[in-house]
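Residue numbers start from 1 in every chain, and the chains themselves are labelled A, B, ... in the order their sequence lines are given, proteins ahead of strands. This is a predicted model, so every value here is computed, not measured. Below, each value reflects all heavy atoms present in this structure, side chains not excepted, and no hydrogens, waters or symmetry copies.
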2 protein chains.
Amino acid sequence: MKLFAREGYAAVSMRRIAAEVGVQAGALYNYTPDKQSLLFTLMHDHMQALLAAVPGDPKADPLARLETFVAFHIRYHHDRPDEVFISYMELRNLTPENFAVIEDLRRRYEDVLESILRDGMAAGRLHTPDTKIATLAVIAMLTGVSTWFREGGRLSLEDITARYWDMVRGAVGVRAQ
Amino acid sequence: MKLFAREGYAAVSMRRIAAEVGVQAGALYNYTPDKQSLLFTLMHDHMQALLAAVPGDPKADPLARLETFVAFHIRYHHDRPDEVFISYMELRNLTPENFAVIEDLRRRYEDVLESILRDGMAAGRLHTPDTKIATLAVIAMLTGVSTWFREGGRLSLEDITARYWDMVRGAVGVRAQ
DNA sequence: CTTTCTAATGAACAGGTGTTCAGTTATCTG
DNA sequence: CAGATAACTGAACACCTGTTCATTAGAAAG
């Protein structure tokens, strides 16, 4: 995972992976049928864990759920930079069948946010003309944090989360109280 | 560019590039000193063209400039999917020196948006506690369009641009008139 | 201590990698 | 037309690629 994240799937050889864990290349094939499965397993495990971890209580207040989602997304992605990086960068190195599986999991994650936005609309707590577009925009915005945030900078992750919560509220038309 | 965008720098060989343009691999070296320069030139040209094309009249109304920037970013990136994809995905395949050059150009592009936000704040037309964070959030949000937008879908690029202009306004705290 | 089972090695396979360069072919100039 | 310049080929270099497999080493069980 470290090597794939740092240098990319195509640029890392099985021999390098083997050296990293202290064996010869042949030994890897006791654990994976091939290199492709290695990549797919990393991405699949990550997406499964993401879906299992995302909080989603349909009975709670939509705005509270939205705030929870924003904080969750930023924190979860921040804590797993390698997994996140691979899952966004190495999609094109998956076989079509494997790609379809990951795409489906990703869509299900997006659906969590879109449900929140739809419930928020129904409850009149927010106003956005297109919940699908808003979902994609919010996720792109939040995921962007992991491309530039580094510990020890001007702002803490809590500061960042507060700023993004402001921006998300504005973007999806939450009226001031 | 097509091959790098579609399959990735590391996965494409000089022989494949040569075949694509109808020559032998050796002939490519009449035009580029090495493969790395090929990648760097693509990215460098793209970033230079982007910076040359971005509209930025400092005397105009900040809100009008912001709307222009949003429409420009979406349109410009939509029209150059391969360049955009390479410039975001292949950063790690640049040598450190080349990476620094591209990073600098990217920062200069971000500065264009941040200037607009700062002027908007000074003019009291928008309200965002951190223009740097807002800049990164807005650019991530807008760039995300090119990862999912396909011609002929439910919405036209003009529809999308209108929705994103709504969301950007909300995100950076533009008060309703 | 021997047998059984698991796990790792290291060589081999068939092919691919970026890059160089002497030699050939094509194009342009006078 | 000949001469000069430019462009391209194709072989070569030294090495790396994912994957397989007979053989060896290590650990667990009886």
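- Between K35(B) and N30(A), the residue anchored closer to the 5' end of DNA chain C is N30(A), taking for each the nucleotide with the nearest heavy atom.
- Side chains of H77(A) and E83(A): a donor-acceptor N/O pair is absent below 3.5 angstrom, by distance only.
- Legend: residues meeting salt bridge (charged side-chain N to carboxylate O under 4.0 Å, His left out) with D166(B), ordered by chain and number and at least two apart, are R163(B), R169(B).
- Rounded to whole Å, atom P of dG18(C) lies 11 Å from atom CG of L38(B).
- Considering only the side chain of V23(B), dC8(D) comes nearest among dG18(C), dC8(D), dT20(D).
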- request: Could you walk me through whether N93(A) and E90(A) pass side chain to side chain donor-acceptor pair (under 3.5 Å), step by step?
  value: CA-CA 5 Å; N93(A) 286 311; E90(A) 302 296 352; 2.6 Å; yes

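- Distance CD/E20(A) to CE/M1(A): 12.0 Å, rounded to 0.5 Å.
- No side-chain donor-acceptor contact under 3.5 Å links E110(B) and T135(B).
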Could you pull out all donor-acceptor pairs under 3.5 Å where a side-chain atom in residues 98-106 of chain A meets a protein atom, sequence neighbours excluded?
residue : atom : partner : partner atom : Å
N98(A)  : ND2  : Q36(A)  : OE1          : 3.0
N98(A)  : ND2  : T95(A)  : OG1          : 3.3
E103(A) : OE2  : R106(A) : NE           : 3.2
D104(A) : OD1  : R107(A) : NH2          : 2.7

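- F72(B) does not carry R75(B) over the face of its six-membered ring by the limits of under 6.0 Å from the centre and within 45° of the normal.
- Side-chain contact check for H73(A) and Y109(A): at least one donor-acceptor pair (N or O, by modelled atom type) lies under 3.5 Å.
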- request: Show your working on salt bridge (Lys or Arg N to Asp or Glu O under 4.0 Å) between R154(A) and D159(A) and close with a plain yes or no.
  value: CA-CA 9 Å; R154(A) 182 166 59 88; D159(A) 298 331; over 6 Å; no

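- Taking a 4.0 Å limit (strictly below) on heavy-atom distances, residues 6-17 of chain A reaches DNA chain D at V12(A), S13(A), M14(A), R15(A).
- You'll find the ring centres of F40(B) and Y9(B) outside the 6.0 Å limit.
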Name the pairs: protein N/O against N/O of nucleotides 27-29 of chain C, kept only if under 3.5 Å.
none

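- The cationic group of R65(A) does not satisfy the cation-pi geometry with F69(A), failing either the under 6.0 Å distance to the six-membered ring centre or the 45° limit from the ring axis.
- Considering only side-chain atoms of Y29(A), the nucleotide from dG18(C), dG18(D), dA7(C) that sits closest is dG18(D).
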Got a list of protein N/O to nucleotides 21-23 of chain D N/O distances below 3.5 Å?
none

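- Rounding to the nearest 0.5 Å places NZ of K2(A) at 12.0 Å from CD1 of I86(A).
- To the nearest 0.5 Å, atom CZ of residue R150(A) and atom CG of residue L157(A) are 12.0 Å apart.
- Contact check, Y31(A) against dA8(C): a side-chain N or O comes under 4.0 Å of OP1 or OP2.
- With rounding to whole Å, Q24(B) atom CD is found 14 Å from dG18(C) atom P.
- For the segment residues 93-102 of chain B, no residue has any heavy atom less than 4.0 angstrom from an atom of DNA chain D.
- One can place CG of L28(B) at 9 Å from P of dC8(D), the figure rounded to the nearest angstrom.
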